[in-house]
Each structure stands twice: as C-alpha cells, then as structure tokens.
Amino acid sequence: MKSFVPTNAPERRNWADTLLASSQHMALIDAAKTFQHYQRGQILFREGDHAAGLYSVSSGHFKVTKVGGDGKEQIIRLAKTGDIMGYRGLLAGSGHMANAMALDEAEVCFIPKSVFFELIEHNPGFATSLMKLMANELAETEERMLHLAYKPVRERLAEALLLLLRTYQPPADGPPSFTISRDDLAALVGTVRETASRFMAELKAEGVLSTKGSSITILDIKRLIEISTLYD
C-alpha cells in the first residue's frame, strides 16, 4: 500500500469501465445487469456465501474484511466507485473469500455468473484486464502484509489515512476530510481501537489533522506522507 496524495491518475482508473466497456458485449451486459441499493452497515456478501456474480460499485464505499482466529476484524480492502468485487470467488469456483459491508449509502451493479464467464470466454480484452486487476490487487496486498509485519503503528496509521483520502477523493477546495469509525480505522491499521485513538490524538496535537466525532480532516498532507514513509 503505497503512500500518496489523492489523484485521478490513469493507473487508478475506473476498473468497471476498463473491464466491462466493450461495444461487442455491452448489449449482453445491459440485458443481464441489475442494480442493488445498500444502506450503511448492510452486507453485500459474507465469507463462504455462494458467489453468484460480479459486483461493480456504482456509488458509495464498501469495506472488505476477514475475521481472524481471535475474532478480530481486519479490513483487507476498501472499495469505491468503479471498483469490482466478487470475482475471486467466481474464478475459484468456491464461496466468497471475505466479507463486504457498505460504509455509506451505496449502489452496486450486479452481473450474473453466467455472463461473467461468457465474457471471459469470448472477450480476450476482458480476460486480460481482469488479470491485470488481479495482479495489481495481489501486489497491493503483499505490500500491505509486509507493512503490517514491520512498520510501527504510527506509520501504518498515517498510511491508512492516506489510503482513505484516495478512497474518498474529497473535493480539492478546502482541507480534505472523510468519515470513518474508530473501530474501522483500527481494523484498517491492524491494531486495537485504543491504540489507534492514542496515535490519532498525537497527530491531532501535532497539527497534522483535526477530528469531530467520526469525521477526520487532514491539515498537513505533506507531514502525513513523511510519517508514512519513515520505514520505506
């Protein structure tokens, strides 16, 4: 998980558009797709559930989580508008490999399993883009696991806050802000709530950020990047 300032750079393009935009097969997709609305806290799918199709986030945000043997939740991914979910369970022929929950009001485009595999079989561009997506996500996951293993909590917290900036992409005018519960922030950092809150208080005292309830405003992105890369 690399540190960064939020950007609309090409490498962070809308994966849904990249995968699904094909004049040859759009009619097939349009005929089969459905849209589903979710409120904050609603479950999209649970680990072990039958993988019935592909999910493309039309609006809103989701957290993708795993629960460890100690019962603690770990956020392994944040999904935003344009992101794809559910394809790993489809390709593996098994149930979903994680849980997905809406972080705010969201809309998801659902594409049935039969159409997903028809696209793979008859659309080489779709299959190639899917492999690129999987490679990118694998690289990010490996880097995140490495950081969890050797980076101190303070640096991981700064990295997580930068990830949240990229995910929520706040408007350019004014200090960027987003909303996340302290429990979710701790699950993203890979620590307990009390520890995350303590380091948040330190960053607040240093003038790096301000908070109001679950809302976080970043006041010094440059300093946040410096903190996140101390061990790179």
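Only a predicted model underlies this, so the values are computations on that prediction, with no experimental measurement involved. FYI, the numbering just counts along the sequence from 1.
When hydrophobic clusters are built by joining Ile, Leu, Val, Met, Phe, Trp and Tyr residues whose side-chain heavy atoms come closer than 4.5 Å, directly or via intermediates, Met101 is not grouped with Val64. Taken together through direct or relayed side-chain contacts under 4.5 Å among Ile, Leu, Val, Met, Phe, Trp and Tyr, Phe117 and Leu54 form part of one hydrophobic cluster. At a threshold of 4.5 Å between side-chain heavy atoms, the hydrophobic network of Ile, Leu, Val, Met, Phe, Trp and Tyr places Val189 and Val192 in two separate groups. Grouping the Ile, Leu, Val, Met, Phe, Trp and Tyr side chains by contacts below 4.5 angstrom, directly or via other members, places Leu164 with Val153. Residues Ile216 and Ile221 share a hydrophobic cluster, clusters being chains of Ile/Leu/Val/Met/Phe/Trp/Tyr side chains in contact below 4.5 Å.
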**Q.** Trace of the side-chain contact (heavy atoms from CB on, under 4.5 Å) decision for Arg193 with Ser197
**A.** CA-CA 6 Å; Arg193 175 182 178 137; Ser197 295; 4.1 Å; yes
Q.
Assess the residue pair Ile227 and Leu203 against the criterion (side-chain contact (heavy atoms from CB on, under 4.5 Å)); give the C-alpha distance rounded to whole Å, side-chain angles, the decisive distance to 0.1 Å, and a yes or no.
A. CA-CA 10 Å; Ile227 294 170; Leu203 294 178; 3.6 Å; yes
Q) Should Lys33 and Cys109 be marked as a side-chain contact (heavy atoms from CB on, under 4.5 Å) after you check the CA-CA gap, both sets of side-chain angles, and the distance that decides it? A) CA-CA 6 Å; Lys33 69 183 181 182; Cys109 175; 3.7 Å; yes
Q: Please test Arg40 against Asp104 for salt bridge (Lys or Arg N to Asp or Glu O under 4.0 Å), starting from the C-alpha separation and ending with a verdict.
A: CA-CA 4 Å; Arg40 179 182 178 183; Asp104 44 32; over 6 Å; no
Q: Could you give me the CA-CA distance, side-chain angles and deciding distance for Leu157 and Met200, then say whether side-chain contact (heavy atoms from CB on, under 4.5 Å) is met?
A: CA-CA 8 Å; Leu157 173 59; Met200 282 289 291; 4.0 Å; yes
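Of all the heavy atoms in Lys80 and His61, the pair that sits closest is CB-CD2, 3.8 Å. Nearest heavy atom pair, residue Lys113 against residue Ala51, reads CD-O, 4.0 Å. Phe110 approaches Ala52 most closely through the heavy-atom pair CZ-O, 3.6 Å. Taking both residues in full, the closest heavy atoms of Phe116 and Ile111 are given as N-CG2, 4.5 Å, listed atom of the first, atom of the second, then distance. For the residue pair Glu73 and Ala187, the shortest heavy atom distance occurs at O-CB, 3.4 Å. Listed here is the closest heavy atom pair of Ala100 and Met85: CB-SD, 4.4 Å.
You'll find the side chain of Leu163 reaches within 4.5 Å of the side chain of Leu188, heavy atoms only. Residues Phe178 and Leu103 fail the side-chain proximity criterion, which asks for heavy atoms closer than 4.5 Å. At a threshold of 4.5 Å between non-hydrogen side-chain atoms, the residues Val108 and Ser56 do not count as touching. Taking 4.5 Å as the limit, some side-chain heavy atom of Ile120 sits within range of a side-chain heavy atom of Leu91.
Taken to the nearest 0.5 Å, the CD1 atom of Ile180 stands 6.5 Å off from the CG atom of Leu78. Interatomic distance, CG of Leu165 versus OG of Ser177, reported as 9.0 Å (0.5 Å rounding). Interatomic distance, CZ of Phe126 versus CD of Glu121, reported as 12.5 Å (0.5 Å rounding). Within the model, atoms OG of Ser59 and OH of Tyr38 stand 12.0 Å from one another, a figure rounded to the nearest 0.5 Å. One distance of note links NZ of Lys63 with OG of Ser181; it measures 6.0 Å at 0.5 Å rounding. The distance from the CG atom of Asp183 to the OG atom of Ser214 is 11.0 Å, given to the nearest 0.5 Å.
Between the side chain of Arg46 and the backbone N or O of Asn99, no donor-acceptor pair lies under 3.5 Å. When atom types are taken as modelled, the side chain of Asn136 and the backbone of Leu133 share no donor-acceptor pair closer than 3.5 angstrom. Remark: side-chain polar atoms of Thr195 are not paired, donor with acceptor, to backbone N or O of Thr191 under 3.5 angstrom. Here the side chain of Thr229 pairs a donor or acceptor atom with the backbone of Ile225 at under 3.5 angstrom. At distances below 3.5 Å, not a single donor-acceptor pair connects side-chain atoms of Lys72 with backbone N or O atoms of Gly190. Between the side chain of Glu143 and the backbone N or O of Glu140, no donor-acceptor pair lies under 3.5 Å.
No side-chain donor from either of Ser210 and Lys204 sits under 3.5 Å from a side-chain acceptor of the other.
For an aromatic pair to be called close, the ring centres must be under 6.0 Å apart, and Tyr55 with Phe45 satisfies this.
Ion pair Arg154/Glu226 not flagged as a salt bridge, since none of the NZ, NE, NH1 or NH2 atoms sits closer than 4.0 Å to an Asp/Glu carboxylate oxygen. Look at Glu137 and Arg77 and you find a salt bridge, because one of the NZ, NE, NH1 or NH2 atoms lies within 4.0 Å of a carboxylate O, short of that distance. Between Glu47 and Lys66 there is a salt bridge, since a side-chain N of the basic residue sits under 4.0 Å from a carboxylate O of the acidic one. A salt bridge does not link Arg156 to Glu159: none of the charged nitrogens lies less than 4.0 Å from a carboxylate oxygen.
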